[in-house]
Amino acid sequence: MAGPKILLLRFSSIGDIVLTTPVIRCLHQQLGAEVHFLCKTAYRSLLDSNPYLSKVYSIQKQLGEVLPALRAEHYDHIIDLHNNLRTLHLQLALRKRAFRFHKLNWRKWLLVNWKIDRLPRQHIVERYLAAAQPLGLVNDGQGLDYFIPPAEREATQRYLQAQGLDPGADFVAMAIGAAHATKQLPLSQLRRICAGVKRRMVLLGGKAEQAAGAALAAEGTHLVNACGVLSLHQSAAVLQRAQLVISPDTGMMHIAAALGKPIISVWGNTVPALGMYPYYGEGERLEQRFEVPGLTCRPCSKIGHGRCPKGHFRCMMEQDIAGIIAAAGQ
């Protein structure tokens, strides 16, 4: 007997979509489900190579772009892992009850605005899985998934070899960017890390970080600036090859966890209590965490800001850089 046909909803962003992968896998493996996924077009490459998905739908802006095709699928269930007004509109349009994950927005609001912590000590992956629990889903303890297309892996290997990093070479990968400025280390702090860590280091980021990466790489021959050069999958392949990853609270951190890499996580305006720290398989914890204790202004946002609302940016300027360098093996 064929399993149910299920539509998963999560529009964005990189980290959030990677964090849905245990739900995708468990639905396919435990229920024999035909799993479809709807996201924004900018993020569909994260899902196209996932063997547990039968179809990926994507939108540029409007649900109307895919609504006729989704109606024609006649889904048995919808699992809403985004839970906003747009996904509610889609559920009504498809006339199908949805299982929605709890965003805990009022508890996050209390923590951000009043520093009252009423959040459960539960990772967001566990809350994603709980949304599908009425269908009989259980956590398989296998952590996150990230699938790199072979062509992207091969292109990355050629790139690394051109930088003198042959297969098996020891190096650290460091993500220097983030979607929000208050999540990322300032250039002055990155310079201290780059100067202190003597191992080969590959700097990862998008085109927005290309100039900063070039400025850092100019200060040491052990540094490789891959910012703005590699695709997302190629950056993931660098993470897979690295012996250690240094990252702020960003999508690269979650991809590194999906690939089972040891991580030095560096926390600025956000806090792990929001439930989005590195998520590994059962019994694994490969993270060393750095955050400035005792700051009454943290968290100042559940996502991030373009600049520090207080103007001092102590959450990043007072990081234990010497400790990060020591943890990276100097």
(message) For a side-chain contact (heavy atoms from CB on, under 4.5 Å) check, start with the C-alpha distance between H74 and K5, then their side-chain angles and the critical distance, and finish with the verdict.
(response) CA-CA 8 Å; H74 302 293; K5 183 187 284 190; 5.8 Å; no
(request) Look at the side chain of R298 and the backbone N and O of N269, then say whether any donor-acceptor pair between them is shorter than 3.5 Å. (result) no
(request) Take atom NZ of K40 as the centre, draw a 6.0 Å sphere, and report whether it contains more than 12 heavy atoms from other residues, nucleotides or ligands. (result) no
(request) Output all residues satisfying ring pair (Phe, Tyr, Trp, His ring centres under 6.0 Å) with Y75, sequence neighbours left out; order by chain, then residue number. (result) H36
(request) Determine whether K115 and T296 make a side-chain contact, defined as any pair of heavy atoms from C-beta on separated by less than 4.5 Å. (result) no
(request) Considering non-hydrogen atoms only, spot the tightest contact between R44 and S58 and give its length. (result) NH1-OG, 3.3 Å
(message) Would the distance check show the side chain of D166 and the main-chain N or O of A169 forming a donor-acceptor pair, the cut-off being under 3.5 Å?
(response) no
(message) Under the side-chain hydrogen bond (donor to acceptor under 3.5 Å, both in side chains) test against Q234, which residue among E152, R153, Q157 passes?
(response) E152
(request) Could you pull out the closest heavy-atom pair between L119 and R121, with the gap in Å? (result) O-NH1, 3.1 Å
(message) Is there a path of hydrophobic side-chain contacts, each under 4.5 Å between heavy atoms of I/L/V/M/F/W/Y residues, joining L187 to I176?
(response) yes
(message) Under a 3.5 Å cutoff, is there a donor and acceptor pairing between the side chains of S13 and D16?
(response) yes
(request) For H82 and N84, indicate whether the former's side chain and the latter's backbone hold a donor-acceptor pair under 3.5 Å. (result) no
(message) I need the L190 CG to M174 CE distance, nearest 0.5 Å.
(response) 5.0 Å
(request) Not counting sequence neighbours, which residues clear ring pair (Phe, Tyr, Trp, His ring centres under 6.0 Å) with Y146? List them please. (result) H233
(request) Would you confirm whether E73, through its side chain, and L70, through its main-chain N or O, come within 3.5 Å as a donor-acceptor pair? (result) no
(message) If hydrophobic clusters are built from ILVMFWY residues whose side chains come within less than 4.5 Å, do Y43 and L47 share one?
(response) yes
(request) Please answer whether the main-chain N or O of W267 pairs with a side-chain N or O of Q319 as donor and acceptor at a distance below 3.5 Å. (result) yes
(message) Applying salt bridge (Lys or Arg N to Asp or Glu O under 4.0 Å) as the test, list every pair that has at least one member in residues 239-266; sequence neighbours left out.
(response) K183-D249
(message) Could you tell me if the side chain of I59 sits less than 4.5 Å from the side chain of R86, heavy atoms only?
(response) yes
(message) Looking at L85, I want to see if its CG is surrounded by more than 12 non-hydrogen atoms of other residues, nucleotides or ligands under 6.0 Å.
(response) no
(request) Kindly compute the distance separating CZ (F313) from CG (L185), expressed to the nearest 0.5 Å. (result) 7.5 Å
(request) Can you measure from NE2 (H312) to CG (L295) and round to the nearest 0.5 angstrom? (result) 7.0 Å
(request) Report yes or no: does Q189 contribute a side-chain atom to a donor-acceptor pair with the main-chain N or O of M316 at less than 3.5 Å? (result) yes
(request) Compare every heavy atom of M252 with every heavy atom of L239, then report the nearest pair and how far apart it is. (result) CD1-O, 3.6 Å
(request) Using a 4.5 Å cut-off on heavy atoms from C-beta on, say whether the side chain of L63 contacts that of L38. (result) yes
(message) With heavy-atom distances below 4.5 Å as the criterion, would you say the side chains of I24 and D145 are in contact?
(response) no
(request) Compute whether any side-chain donor of one residue and acceptor of the other, for E126 and N139, lie under 3.5 angstrom apart. (result) yes
(request) Could you list the residues that satisfy ring pair (Phe, Tyr, Trp, His ring centres under 6.0 Å) with F37, not counting sequence neighbours? (result) none
(request) Group every Ile, Leu, Val, Met, Phe, Trp and Tyr by side-chain heavy-atom contacts under 4.5 Å, then state whether L104 and I303 land in the same group. (result) no
(request) Decide yes or no for R100 and L88: does some side-chain heavy atom of the first lie under 4.5 Å from some side-chain heavy atom of the second? (result) yes
(message) Please evaluate residues V138 and L129 with respect to the criterion side-chain contact (heavy atoms from CB on, under 4.5 Å), reporting the C-alpha separation (whole Å), side-chain torsions for both, the decisive distance (0.1 Å), and the verdict.
(response) CA-CA 7 Å; V138 297; L129 287 161; over 6 Å; no
(message) Once you measure the plane-to-plane angle for F101 and Y128, does it fall in the parallel (<30°), tilted (30-60°) or perpendicular (>60°) bin?
(response) perpendicular
(request) Provide the closest heavy-atom pair for I263 versus A257 in the form atom of the first, atom of the second, distance. (result) CD1-N, 3.6 Å
(message) Between E287 and S265, do the side chains contain a donor N or O and an acceptor N or O under 3.5 Å apart?
(response) yes
(request) Give the cluster check for I17 versus V35: same hydrophobic cluster or not, with ILVMFWY residues linked at side-chain heavy-atom distances below 4.5 Å. (result) yes
(request) Kindly indicate whether the side chain of M276, heavy atoms from C-beta on, has any atom under 4.5 Å from the side chain of L19. (result) yes
(message) Using only atom types and a distance under 3.5 Å, with no angle test, would you say the side chain of R199 pairs donor to acceptor with the backbone of A328?
(response) yes
(request) Determine the minimum heavy-atom distance between G213 and C227, stating which atoms define it. (result) CA-SG, 4.4 Å
(request) Return the set of residues passing salt bridge (Lys or Arg N to Asp or Glu O under 4.0 Å) with R71 (not counting sequence neighbours), or none when no residue passes. (result) none
(message) side-chain contact (heavy atoms from CB on, under 4.5 Å), that's the test. Do L203 and C194 meet it? Break it down for me.
(response) CA-CA 10 Å; L203 308 175; C194 290; 4.2 Å; yes
(message) Using only atom types and a distance under 3.5 Å, with no angle test, would you say the side chain of E65 pairs donor to acceptor with the backbone of Q62?
(response) yes
(request) Using modelled atom types only, decide if a donor and an acceptor are shared between the side chain of H305 and the backbone of T182 within a distance under 3.5 Å. (result) no
(message) Could you check whether any side-chain heavy atom of R285 comes within less than 4.5 Å of a side-chain heavy atom of P278, counting everything from C-beta outward?
(response) no
(request) Any chance you could measure R25, atom CZ, to N50, atom CG, to the nearest 0.5 Å? (result) 9.5 Å
(message) Y279: which residues meet the ring pair (Phe, Tyr, Trp, His ring centres under 6.0 Å) condition with it, sequence neighbours left out?
(response) H123
(message) Whether the side chain of R118 engages the backbone of L110 through a donor-acceptor N/O pair (distance < 3.5 Å, no angle test) should be reported.
(response) no
(request) Assess whether side-chain contact (heavy atoms from CB on, under 4.5 Å) is satisfied between L216 and N225, documenting all intermediate values. (result) CA-CA 8 Å; L216 292 169; N225 177 28; over 6 Å; no
(message) Under the side chain to side chain contact (heavy atoms under 4.5 Å, CB included) test against T21, which residue among V125, L46, L53, L144 passes?
(response) L144
(message) Distance check, rounded to the nearest 0.5 Å: H89 atom NE2 versus T87 atom OG1?
(response) 10.5 Å
(message) Rounded at 0.5 Å granularity, tell me how far CG in L274 sits from CG in L111.
(response) 5.5 Å
(message) For residues V112 and Y277: do they belong to one hydrophobic cluster (side chain heavy atoms under 4.5 Å, members Ile, Leu, Val, Met, Phe, Trp, Tyr)?
(response) no
(message) Do L94 and L7 make a side-chain contact, defined as non-hydrogen atoms from C-beta onward lying under 4.5 Å apart?
(response) yes
(request) Consider only side-chain N and O atoms of K302 and N105, and report whether a donor and an acceptor are under 3.5 Å apart. (result) yes
(message) Could you report the tightest heavy-atom contact between A173 and L204, atom names first, then the distance?
(response) CB-CD1, 4.1 Å
